[in-house]
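These notes are about the structure you will find just below.
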Number of protein chains: 2
Amino acid sequence: MATIKDVAKLAGVALSTASYAMSGDSKVSAKTREKVLAAARQLNYQKNGFAMDLKRSRTNTIALILTDLSGPYYSELIRSIQDVALSNSYDLIACSSMGGKDSTAVRYLLEKRVDGAIVLAHNITVDLLHAAAGARFPIVVMDRLISGEGLINVVVDSEQGGYSATHYLIEKGHHSIAYISGPANSYDNALRYQGYLRAMREAGLNEKTKWKLSGNFVREGGYKATKMMLVQGELPSAVFYANDEMAVGGMKALEEAGVSVPDDLSVIGFDDIQLAEYLQPRLTTIRQPMYESGSLAGHLLFQRLNGDEVNDFYKLKIELIERSSVKINS
Amino acid sequence: MATIKDVAKLAGVALSTASYAMSGDSKVSAKTREKVLAAARQLNYQKNGFAMDLKRSRTNTIALILTDLSGPYYSELIRSIQDVALSNSYDLIACSSMGGKDSTAVRYLLEKRVDGAIVLAHNITVDLLHAAAGARFPIVVMDRLISGEGLINVVVDSEQGGYSATHYLIEKGHHSIAYISGPANSYDNALRYQGYLRAMREAGLNEKTKWKLSGNFVREGGYKATKMMLVQGELPSAVFYANDEMAVGGMKALEEAGVSVPDDLSVIGFDDIQLAEYLQPRLTTIRQPMYESGSLAGHLLFQRLNGDEVNDFYKLKIELIERSSVKINS
DNA sequence: TTGAAAGCGCTAACAT
DNA sequence: ATGTTAGCGCTTTCAA
């Protein structure tokens with residue numbers, strides 16, 4: 001691999017001149033620049049990125065850290081962050097936090113391989129976040145509340161979402177509402193559940209423990225939880241799935257059992273994944289403002305990177321998307 | 001930011017000793033190591049990634065380059081590559097080629113910020129690929145055929161896929177088959193179309209130009225192309241959408257026009273996206289071996305990285321997924 | 001306008 | 001077992 005040294009030698013100029021010439025510095029004469037560029041072309045020279053980063057001690061890159069790069073769930077979020085990065089002429093890389101301590105995400109965060117990061121990965125520990133973030137390394141956290149130097153929170157009001165979903169069901173005349181929950185350690189799930197409880201309490205309704213089942217936020221889990229509910233005999237009049245993936249699995253179980261949605265049972269989800277409007281019936285759900293929150297997260301990060309002060313906490317409102325999986329209960 | 005120098009000073013040892021201690025080299029005494037580690041902790045020391053990469057002149061990271069990070073389409077592929085990377089203890093980062101010459105992808109490729117790459121981004125030019133790849137920088141290209149030093153091709157047999165889809169329709173008694181195509185400059189689309197033509201020719205069937213419409217591989221395009229077809233009056237008995245996204249749009253147009261699938265018109269797609277089996281009717285389509293191809297691409301890259309010789313061309317077979325959108329034509 | 005040289009933070013060969 | 005030192009490839013200050 002040719003280095004700038006080789007280029008300088010071939011062009012017959014000093015190292016520094018070659019550097020100036022190639023970075024387009026105006027103090028290099030046109031003739032010299034041409035000589036250098038020609039030499040670079042001839043040697044197929046490509047600058048070494050790290051050397052530059054090391055020297056400059058900044059990378060012009062931010063990282064988006066996700067639990068699993070392959071989650072289709074994030075697409076809008078990614079798109080919005082990508083847009084913001086592009087318009088700020090920053091590079092964006094995405095990396096996964098799978099692999100625990102040795103994950104790519106952890107390395108990039110700790111070894112400061114980027115200038116800042118947006119994190120949406122519950123398996124990145126709070127300690128790690130505290131260790132990584134700092135005045136010179138801003139991190140926007142999107143899946144929990146955590147304060148500290150360099151840390152900015154952008155979250156969606158899940159409690160309100162859980163409340164809205166439940167309240168909507170109650171409004172439609174449902175009094176027995178099951179809650180299919182996500183993983184116990186999920187902060188998001190906890191909030192959605194709290195919202196559910198608040199709406200229930202407000203309406204003077206009691207939660208039945210036999211109708212609180214865990215589906216772990218995955219399709220298969222929703223399927224199993226629903227099977228379990230089915231076996232119990234008595235059915236609620238509506239089910240609140242804490243996310244759409246579980247609702248997808250649940251509706252499959254329901255269909256298999258001959259329970260018709262929404263005639264026999266109303267269903268509501270959470271997230272508004274792409275699939276939601278293609279299900280039969282079309283799934284009524286809670287929509288998270290993914291594009292907006294990603295966009296906000298990006299903007300805040302860049303503001304911090306530019307030295308501007310920003311608040312360290314933002315909470316976004318959530319919207320109910322009314323489709324056809326909930327029926328008035330009479 | 002504390003450097004290793006600060007750590008060494010605080011611990012009262014030499015730079016190199018600190019380095020050895022922290023990398024777990026066995027020749028450092030336990031006592032010294034403890035001293036160094038304590039100092040590091042106290043200073044909240046984190047190693048600088050670039051400095052290390054620069055010194056080592058390798059990054060232990062590979063890049064996955066995609067046109068658009070947010071495409072849900074790739075999830076299985078990403079997962080498989082992630083798995084392979086993890087099991088080889090390499091880091092994986094994903095970056096987008098959006099942004100043309102200044103895209104993150106181009107920078108990472110050219111500036112050698114990773115040890116190798118897997119590319120599935122048609123907007124990365126052939127020239128760039130040639131410039132970037134080399135003996136010390138392997139690139140696996142997944143969306144076209146291109147040979148050169150350091151370049152490995154892993155492609156899916158789209159021609160065969162196009163043939164299978166069409167042949168299947170013919171087998172079911174369809175003789176008038178429309179082809180809704182992708183973008184003209186897409187290599188993949190060209191292959192699928194070739195397969196279509198081969199099957200048609202083989203059956204002694206003629207392609208009707210009025211039934212070859214372009215939908216640009218996107219949902220909206222499929223919708224419009226289908227509308228256009230509808231306006232023309234005469235309908236074929238089956239439609240081959242060159243990808244599922246277009247089929248989704250197309251089926252919407254058909255539904256709006258009161259054309260029932262598959263009773264009035266059979267439909268086949270290509271890709272087997274997640275949505276396919278949730279459509280009404282469930283979409284019969286051609287499944288690309290995404291997991292397998294990603295996995296293969298990853299393995300090949302690592303073999304090259306380890307200095308092993310590998311072939312530079314692999315073509316994977318494709319499978320037809322029979323669902324309910326095609327009916328026997330009588 | 002060009003060149004010489006320092007130094008970013010780290011690893012590793014070599015000397016002790 | 002520990003220390004000294006060269007050098008990875010680049011940018012940039014300073015001197016010519």
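Order of the sequence lines sets the chain letters (A, B, ...), proteins ahead of strands, with each chain counted from 1.
Rounded to whole Å, atom C1' of C:dA15 lies 11 Å from atom OH of B:Tyr20. Distance, B:Phe50 CZ to C:dT11 P: 14 Å, rounded to whole Å. Atom pair B:Ile4:CD1 and C:dG7:P shows a separation of 19 Å (rounding to whole Å applied). At whole-Å resolution of the value, NZ in B:Lys31 and C1' in D:dA1 are 11 Å apart. B:Lys5 has its NZ atom 15 Å from the P atom of C:dT11, to the nearest Å. In this structure, the CG atom of B:Asn48 is 14 Å from the C1' atom of D:dC10, given to the nearest Å. For the pair B:Leu15 CG and C:dA13 P, the computed distance is 16 Å after rounding to whole Å. Put simply, CZ on B:Arg58 is 11 Å from P on C:dA12, counting in whole angstrom units.
The base of C:dT1 lies outside donor-acceptor range of the side chain of A:Ser29, with no N or O pair under 3.5 Å. Contact of A:Lys55 with D:dG9 (side chain to base): no donor-acceptor pair of N or O atoms is detected under 3.5 Å.
Between A:Asp188 and A:Ser158, the side chains place a donor N or O and an acceptor N or O closer than 3.5 Å (distance only, hydrogens not considered). For the residue pair B:Ser29/B:Thr32, the side-chain donor-acceptor check at 3.5 Å is satisfied. Side-chain contact of A:Asn60 with A:Arg58: a donor-acceptor pair under 3.5 Å is present, judged by distance alone. B:Tyr74 and B:Asp68 share no side-chain donor-acceptor pair at under 3.5 Å.
Along DNA chain D, the nucleotide nearest B:Ala14 and the nucleotide nearest B:Ala51 are compared for position; the residue whose nucleotide lies closer to the 5' end is B:Ala14.
At D:dT11, one or more side-chain N or O atoms of A:Lys47 fall inside 4.0 Å of OP1 or OP2 (strictly under the cut-off). Within the 4.0 Å cut-off from OP1 or OP2 of C:dT2, at least one side-chain nitrogen or oxygen of A:Thr32 is found. The side chain of A:Thr17 places an N or O atom within less than 4.0 Å of a non-bridging phosphate oxygen (OP1 or OP2) of C:dG3. Taking only side-chain nitrogens and oxygens, B:Arg56 comes nearer than 4.0 Å to OP1 or OP2 of C:dA12.
Side-chain proximity of B:Ser16 to the nucleotides C:dT2, D:dG3, C:dA4 is greatest for D:dG3. In this structure, of C:dG9, C:dG3, C:dT1, it is C:dT1 that holds the atom nearest to the side chain of A:Lys27.
In this structure, B:Arg113 is positioned above the aromatic face of B:Tyr108, its NZ or CZ under 6.0 Å from the six-membered ring centre and within 45° of the axis.
Nucleic acid contact class of B:Thr3 (heavy atoms, under 4.0 Å, all strands): sugar-phosphate only.
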